[in-house]
Protein chains: 2
Amino acid sequence: MIKKYIENSNFEETGFYYTLSLISGKHKMIILYCLMEFEVVRFNELKRYLKKITDKTLSNNLKELEANHLIIRKEYPQIPPKVEYRLSDRGRSLMKVLDQLCVWGENNREE
Amino acid sequence: MIKKYIENSNFEETGFYYTLSLISGKHKMIILYCLMEFEVVRFNELKRYLKKITDKTLSNNLKELEANHLIIRKEYPQIPPKVEYRLSDRGRSLMKVLDQLCVWGENNREE
DNA sequence: CAGGATCCACAAGGATACTG
DNA sequence: CAGTATCCTTGTGGATCCTG
């Protein structure tokens, strides 16, 4: 079933490519893992976990994750602002699969 | 078990990060899928499947995959040269996991 | 606090030419 | 055929400053 995509040079249309596109970039996976572990997390909290990320990059990543419906953004209209992020059901189901990659990596690390 | 990595900002040491590092880049997955589907493939054959890849990029990707022991390179010392690539056992075991991502993508594609 | 705006550095990959 | 060598383009993310 993959073969026909390869022969047509349409790899970008495979489910695999699609899945990876959702988590492309350097930080998205860490964000997702943070949300998985800590459930509900605020912007600056995430920033601390990610350590070296800039506001702009974090902001962009969160927007893309939200656009792909992997996370849910909840804004409280107050001063100072407060925004919470959490996994959506869709995000959680993706994490289950990604966790398999984690397990494989643990078991197959070299040297 | 992931939590401690996050708290120490050592996400790069997780199995997940390791797994993804093996298939980083734009073409490695397509290469792996080609090898999975067609078993034994030669350099220029791969080039045709990948369509728009350059010699240099393909060459680099193959070298990295080989260095990570995901594929096996077999060279025939003859003129003209002939080199065959195929998946290693390790590569095949990784593909099983990656296929799960493919399935998830198929089932969770949006619109 | 949670970003937006702007400018910039760097590495991955493309283009092209060449070779054992 | 299966690459290597060299130069060049581009996108991702970093740095810095600003704001409701």
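Letters A, B, ... mirror the listed sequences (proteins, then strands); counts begin at 1.
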Mind running a 4.0 Å heavy-atom check of residues 52-59 of chain B against DNA chain C and sending the residues that fall below it, in number order?
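Within this stretch, B:Thr54, B:Lys56, B:Thr57 sit under 4.0 Å of the strand.
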Starting at the 5' end of DNA chain D, which residue's closest nucleotide do you reach first, A:Pro81 or A:His27?
A:His27
Hey, which sits more toward the 5' end of DNA chain D by its nearest nucleotide, A:Lys26 or B:Arg42?
B:Arg42
5'-most by nearest nucleotide on DNA chain C - A:Pro80 or A:Lys63:
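Looking at the nearest nucleotide for each, A:Pro80 comes out on the 5' side.
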Between the side chain of A:Ser88 and the main-chain N/O of A:Ile72, is any donor-acceptor distance below 3.5 Å?
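Judged by distance alone, no pair lies under 3.5 Å.
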So does A:Val103 get a backbone contact from the side chain of A:Glu106, meaning a donor-acceptor N/O pair under 3.5 Å?
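Such a contact is absent between A:Glu106 side chain and A:Val103 backbone.
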How would you label the contact of A:Tyr76 with the nucleic acid (heavy atoms, under 4.0 Å): base, sugar-phosphate, or nothing?
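Here A:Tyr76 touches no strand at all.
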Out of curiosity, B:Ile53 CD1 to B:Ile31 CD1, how far, rounded to the nearest 0.5 Å?
5.0 Å
Its 5'-most and 3'-most nucleotides having an atom under 4.0 Å from a non-hydrogen atom of chain A, DNA chain C is contacted over C:dC1 to C:dC7
Run A:Arg86 and A:Leu35 through side-chain contact (heavy atoms from CB on, under 4.5 Å) and show every step you take.
CA-CA 6 Å; A:Arg86 74 192 70 206; A:Leu35 295 186; 5.6 Å; no
Hey, where on DNA chain D does chain A first and last touch, going 5' to 3'? Cut-off is any atom under 4.0 Å from a heavy atom.
D:dG13 to D:dG20
For A:Asp55 versus A:Phe43, what's the shortest heavy-atom pair and its separation?
O-CZ, 3.9 Å
Over 60° means perpendicular and under 30° means parallel, so tell me whether A:Tyr33 and B:Phe16 are parallel, tilted or perpendicular.
perpendicular
Residue pair A:Trp104 / B:Leu22, side-chain heavy-atom distance below 4.5 Å
yes
Same apolar cluster: B:Leu32 and A:Tyr17, side chain cutoff 4.5 Å:
yes
Ring-ring centroid check B:Tyr49 B:Phe38, cutoff 6.0 Å:
yes
Check against side-chain contact (heavy atoms from CB on, under 4.5 Å), A:Arg92 and A:Met36:
CA-CA 8 Å; A:Arg92 258 186 293 276; A:Met36 190 172 76; 5.9 Å; no
